[in-house]
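In what follows, a structure is listed as structure tokens, so that the remarks can point back to it.
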Amino acid sequence: MTPDALEARLRQVGETRYHHLHPFHELLHAGTLNRGQVQAWALNRYYYQRGIPIKDATILSRMEDPALRRVWRQRIIDHDGSDDRRGGIEKWLALATGVGLDAAYVTSCRGILPATRFAVDAYVQLVRERPLLEAIASSLTELFSPGIISTRVRGMLAGYDFVTAETLAYFDARLDQAPRDAEFALDHVKRHARTSEQQAAVIDALETKCAILWTQLDALYFAYVAPRLPPPGAFRPDDLAPPDPAPVAPPR
Ligand SMILES: O=C(O)c1cc(C(=O)O)c2c(n1)C(=O)C(=O)c1cc(C(=O)O)[nH]c1-2
């Protein structure tokens with residue numbers, strides 16, 4: 001494939017597999033979830049936010065070219081913040097507390113779904129174990145995030161009276177950061193994925209990343225929309241009854 005044909009193929013992956021198509025996002029953006037369900041989303045996604053700079057530090061540690069590292073390290077600064085700027089993790093925590101969660105509970109990650117943990121950890125593992133080119137390609141879902149972020153902010157402000165523009169401030173910076181990061185990664189992938197094997201591998205990395213995002217929403221849907229069965233130990237919104245008490249005598 002030519003580099004442009006590869007780009008077209010990668011964009012096709014986004015059109016068919018990106019999480020803008022997931023039913024949980026459709027409900028979230030339409031304003032039809034209740035507060036507990038929005039809290040569950042914010043709580044679980046905190047673990048993704050927390051994992052992103054760990055993922056990027058892993059990628060950074062594998063880059064041998066200082067010029068490449070100089071660009072990539074900005075991603076870590078964006079999420080971790082600096083002396084005079086709040087980072088993405090802090091802004092996400094503000095989002096989570098803004099929808100009514102306790103900060104210490106959120107940062108403890110005690111209430112997240114097991115599938116959230118497995119999926120985010122799989123992302124870190126992917127960038128550690130696969131070739132650097134594929135690790136870089138796995139970030140290309142960000143090509144598609146500005147669209148969903150705009151839809152989400154508009155929908156959530158219109159749909160939920162407990163959500164304010166201040167609560168969603170996390171997304172403001174992403175609208176500039178995501179295109180900047182995605183264009184850099186796309187250019188790198190187009191220049192370095194030259195053989196058909198490399199091209200197939202970067203497409204696979206992007207498909208795997210889409211699956212990592214999709215899995216997190218599947219888990220939220222199962223636990224909090226239908227059949228509404230949060231696993232043991234996971235966050236239970238106020239409107240969900242406590243789990244059945246344990247049997248008196250365990251079966252022999
Ligand atoms: O709101 C979203 O739907 C969304 C999606 C994605 C993505 O596509 O992975 C990211 C983000 N947000 C995001 O805020 C973010 O910082 C981010 C970093 C990355 C990455 O893979 O390095 N993806 C995403």
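Start at 1 and go down the list; that is how both ligands and their atoms are numbered.
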Measure the distance from atom 7 (C) of ligand 1 to every protein heavy atom, then report the residue, atom name and distance (to 0.1 Å) of the closest one.
-> T141 OG1, 3.4 Å
Considering only non-hydrogen protein atoms, determine which one is nearest to atom 6 (C) of ligand 1 and report residue, atom name and distance to 0.1 Å.
-> Y18 OH, 3.8 Å
Looking at I148, which atoms of ligand 1 are within less than 4.0 Å of one of its heavy atoms?
-> 3 (O)
In N34, L33, V99, N44, the residue satisfying side chain to side chain contact (heavy atoms under 4.5 Å, CB included) with Q39 is V99
If a pair satisfies salt bridge (Lys or Arg N to Asp or Glu O under 4.0 Å) and one of its residues is in residues 198-226, list it, with sequence neighbours excluded.
-> R9-E207, R17-E207, R130-D204
Show which atoms of ligand 1 fall inside a sub-4.0 Å distance from at least one heavy-atom site of I149.
-> 1 (O)
Grab the two heavy atoms, one from R236 and one from P230, that are nearest each other, plus how far apart they are.
-> NH1-CG, 3.9 Å
For Y123, atoms of ligand 1 separated by under 4.0 Å from a heavy atom | 20 (C), 21 (O), 22 (O)
Proximity of L213 to ligand 1 by residue part, where a heavy atom lies under 4.0 Å | side chain
Taking the six-membered ring for Trp, are H25 and H29 parallel (under 30°), tilted (30 to 60°) or perpendicular (over 60°)?
-> parallel
For T167, check side-chain hydrogen bond (donor to acceptor under 3.5 Å, both in side chains) against everything at least two apart and list the hits.
-> T164
Ligand 1 to H19, heavy atom cutoff 4.0 Å, flagged ligand atoms 2 (C), 3 (O), 5 (C)
Counting both backbone and side chain atoms, is some N or O of D56 under 3.5 Å from an N or O of ligand 1?
-> no
Say whether H20 and ligand 1 are in contact under the criterion: heavy-atom distance to a ligand atom below 4.0 Å.
-> no
Look at the aromatic rings of W41 and W92 and report parallel, tilted or perpendicular, splitting at 30° and 60°.
-> perpendicular
For the residue pair I136 and W72, establish whether any side-chain heavy-atom pair is separated by less than 4.5 Å.
-> yes
Using a strict cut-off of 4.0 Å, indicate which atoms of ligand 1 neighbour a heavy atom of Y170.
-> 13 (C), 14 (O), 15 (C), 16 (O)
Sub-3.5 Å N/O-N/O distance, S138 and ligand 1 = no
Taking atom CG of D65 as the centre, report whether more than 12 heavy atoms of other residues, nucleotides or ligands fall under 6.0 Å from it.
-> yes
Hey, which atoms in ligand 1 end up nearer than 4.0 Å to a heavy atom of Y48?
-> 7 (C), 9 (O), 19 (C), 21 (O), 23 (N), 24 (C)
Sub-4.0 Å heavy-atom contact, R45 with ligand 1 | yes
Classify the ring geometry between Y170 and H79 as parallel (under 30°), tilted (30 to 60°) or perpendicular (over 60°).
-> tilted
Give the residue and atom name of whichever protein heavy atom lies nearest to atom 17 (C) of ligand 1, and the separation in Å to one decimal.
-> E142 OE1, 3.6 Å
Heavy atom of K55, distance to ligand 1 below 4.0 Å | yes
N or O pair under 3.5 Å between R152 and ligand 1 = yes
Within less than 4.0 angstrom of ligand 1, does F144 place any heavy atom?
-> no
Y221 vs F24 aromatic rings, parallel, tilted or perpendicular, using cut-offs 30° and 60°?
-> perpendicular
Is the closest side-chain donor-acceptor distance between R174 and Q177 under 3.5 Å?
-> yes
Side chain to side chain, Y18 and L206, heavy atoms closer than 4.5 Å = no
Considering the heavy atoms of F171, write down every atom of ligand 1 situated less than 4.0 Å from one of them.
-> 1 (O)
Per-atom filter on ligand 1: closer than 4.0 angstrom to a heavy atom of H79 are 16 (O)
